[in-house]
2 protein chains.
Amino acid sequence: MAEQAEVLRRTPLSRDRILRAAVALADGAGIESLSMRNLAQDLGVVPMALYKHVANKDELLDGMIDVVVGEIAPPEPDTDWKPALRRRVLAARQVMRRHPWAPLAIEARNMATVAVLAYLDSVVGTLRAGGLSVDLTHHVMHAMGSRVLGFSQELFDDARRAGRSGAVESGPPAALPPEAAARFPHLAAVAAAASHDDDSVVGSGCDDQFEFEFALDLLLDGVERLHRRGWTSHGHR
Amino acid sequence: MAEQAEVLRRTPLSRDRILRAAVALADGAGIESLSMRNLAQDLGVVPMALYKHVANKDELLDGMIDVVVGEIAPPEPDTDWKPALRRRVLAARQVMRRHPWAPLAIEARNMATVAVLAYLDSVVGTLRAGGLSVDLTHHVMHAMGSRVLGFSQELFDDARRAGRSGAVESGPPAALPPEAAARFPHLAAVAAAASHDDDSVVGSGCDDQFEFEFALDLLLDGVERLHRRGWTSHGHR
DNA sequence: ACCTGAACACCGTTCAAGT
DNA sequence: ACCTGAACACCGTTCAAGT
């Protein structure tokens with residue numbers, strides 16, 4: 001009876017269930033709360049039990065990264081590489097916003113996981129199908145860097161902020177604190193302009209989405225121009 | 001006598017000495033070896049003694065970041081903003097190559113330290129002096145992102161690899177392992193092209209410096225074009 | 001054969017007891 | 001008044017002892 005309840009309570013505990021629980025824990029409580037012990041407790045299991053399904057914590061993180069990257073929507077068949085890539089990167093960005101811990105985790109793990117490779121392969125496929133040379137494609141992938149995965153990698157990224165839960169804890173300062181403003185006048189002027197720049201979003205600092213697309217389009221436009229000119233690296237170095 | 005030797009052995013232990021020792025430890029043994037306990041041992045001191053000079057480990061990391069960012073050479077007076085910024089970013093990159101742990105540490109700490117603010121302020125100053133509007137300058141800073149600090153943020157960054165000591169431990173694979181090559185044909189083709197692309201550096205994968213400058217110039221050229229056209233964000237959104 | 005409690009070797013940090 | 005050893009509350013992971 002008590003034994004039967006026990007059996008029911010603990011569902012088989014597959015690797016998949018562990019990974020989903022780990023992602024949920026990191027999403028909800030922050031990546032710094034993700035320990036083998038906490039995760040085991042969330043699953044109603046002794047910590048040691050996890051090691052039957054993941055070799056160690058690093059492999060757990062790799063698995064979590066695969067789960068997240070796997071959420072990025074597949075590319076829609078599109079004739080034009082530029083809007084296709086643009087859409088894909090913005091889709092990746094939406095996924096990363098749902099899992100604010102993911103960018104740093106991916107960078108820290110150096111992203112050699114299977115899901116990441118599959119994603120990158122598909123992006124390369126889009127560029128090649130669009131007529132870009134292998135050479136140019138290679139440089140473009142480097143130029144995009146982690147931006148291709150939707151990272152904003154901005155200087156003051158509130159989303160990435162050691163974030164407890166998904167909630168925005170405190171409004172970004174928008175303008176620098178007065179003490180800092182005096183020491184760094186140029187920075188203060190730019191920050192101040194940003195905060196009352198757009199009338200749409202009041203006092204929210206600045207429009208992250210706009211900034212992301214600004215940078216993305218700057219890169220994509222540059223690539224398109226090089227492509228139209230038949231750019232080759234051999235001619236340059 | 002023994003007491004006198006003791007006194008001589010342990011130099012006063014200032015905050016500055018702690019920070020320099022911490023940077024040296026991270027450079028030499030990798031950031032994962034940086035613990036309060038290891039650092040104290042390197043300084044011939046009990047761990048608790050460190051807390052007299054730094055409040056906690058996070059403040060220690062902030063101090064280390066300030067040391068590293070402080071190493072970036074000040075801007076040479078230059079009439080033209082574009083080559084000035086280009087040189088500065090490449091100088092920052094050299095510094096980051098000396099301290100491979102720094103980019104990830106800066107991203108993890110969200111870079112609100114004094115030295116980082118001072119650096120950014122100076123970069124903004126360069127752009128403003130070059131005639132860029134506050135508006136455009138703001139967007140440019142976002143578009144550059146952490147690249148302005150010399151981060152390569154590349155997809156497979158060997159330098160950032162959890163690096164034990166400064167030495168290159170194993171040559172990068174350049175081409176993907178055969179198993180992966182079969183699964184990810186597009187990626188494999190690009191990787192293969194990269195490895196025998198340049199004749200200068202044999203088998204070293206690809207030229208990181210070239211890729212960095214490629215991306216940097218793509219951004220700078222785009223910015224210059226916008227600036228010449230008198231670009232304003234109000235006209236676009 | 002399988003599972004797991006206790007243990008090991010670490011952390012960052014506190015605090016009261018020593019000088 | 002100052003310094004610091006022992007201790008606290010954690011880690012990831014091992015391993016032998018239990019079923």
Asker: Report the base-pairing partner of C:dC8 (Watson-Crick or G-U wobble, both distances below 3.5 angstrom), or none.
Answerer: D:dG12
Asker: Under the criterion salt bridge (charged side-chain N to carboxylate O under 4.0 Å, His left out), I'd like the reasoning laid out for B:Arg93 against B:Glu213: C-alpha separation, chi angles, the key distance, then a yes or no.
Answerer: CA-CA 11 Å; B:Arg93 180 173 143 87; B:Glu213 294 189 26; over 6 Å; no
Asker: Could you tell me the separation between the CG atom of A:Leu34 and the P atom of D:dC11, rounded to a whole number of Å?
Answerer: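 Taking CG of A:Leu34 and P of D:dC11, I get 10 Å after rounding.
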Asker: Do any side-chain nitrogens or oxygens of A:Asn38 fall under 4.0 Å of OP1 or OP2 in D:dC11?
Answerer: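 Yes, such a contact exists.
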Asker: Answer yes or no: are there more than 12 heavy-atom neighbours, outside A:Gln41 itself, under 6.0 Å from its atom CD?
Answerer: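 Counting neighbours around CD of A:Gln41, 12 or fewer heavy atoms of other residues, nucleotides or ligands fall under 6.0 Å, so no.
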Asker: What integer distance in Å separates B:Leu13:CG from D:dC3:C1'?
Answerer: 12 Å
Asker: Applying a 3.5 Å limit to both distances, which nucleotide forms a Watson-Crick or G-U wobble pair with C:dC3?
Answerer: none
Asker: Could you tell me the separation between the CD atom of A:Gln41 and the P atom of C:dT4, rounded to a whole number of Å?
Answerer: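 Rounded to whole Å, this separation is 16 Å.
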Asker: Would you say that B:Leu34 contacts B:Met64 through its side chain, given a criterion of any heavy-atom pair below 4.5 Å between the two side chains?
Answerer: yes
Asker: What integer distance in Å separates B:His53:NE2 from C:dG12:P?
Answerer: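 That distance rounds to 18 Å.
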Asker: Quick one: do B:Asp27 and B:Arg98 make a salt bridge, cutoff under 4.0 Å?
Answerer: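 No salt bridge links B:Asp27 with B:Arg98.
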Asker: Nearest to the side chain of A:Ser35, which nucleotide is it out of D:dG12, C:dC11, D:dT4?
Answerer: D:dG12
Asker: What is the distance, to the nearest angstrom, from the CG atom on A:Leu25 to the P atom on D:dC11?
Answerer: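 Result: 11 Å.
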Asker: Enumerate the protein-to-nucleotides 13-19 of chain D contacts in which both atoms are nitrogen or oxygen and the separation is below 3.5 Å.
Answerer:
| from | atom 1 | to | atom 2 | distance (Å) |
| --- | --- | --- | --- | --- |
| D:dT13 | OP2 | A:Tyr51 | OH | 3.0 |
| D:dT13 | OP2 | A:Lys57 | N | 2.9 |

Asker: For atom CZ of B:Arg183, decide whether the heavy atoms of other residues, nucleotides or ligands shown that lie under 6.0 angstrom number more than 12.
Answerer: no
Asker: Does any nucleotide pair with C:dA17 by Watson-Crick or G-U wobble geometry, both distances under 3.5 Å, and what is it?
Answerer: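 In the structure as shown, C:dA17 has no Watson-Crick or wobble partner.
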Asker: Under the ring pair (Phe, Tyr, Trp, His ring centres under 6.0 Å) criterion, do B:Phe210 and A:His139 qualify, and how do the steps go?
Answerer: CA-CA 9 Å; B:Phe210 177 79; A:His139 300 311; 5.0 Å; yes
Asker: Quick one: B:Leu61 CG to C:dG12 C1', roughly how many Å, whole number?
Answerer: 12 Å
Asker: In Å and rounded to the nearest 0.5 Å, what is the CZ to CG distance from A:Phe214 to A:Asp207?
Answerer: 13.0 Å
Asker: In whole Å, what is the span from the CD atom of A:Glu32 to the C1' atom of C:dC11?
Answerer: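 Nearest whole value for this atom pair: 16 Å.
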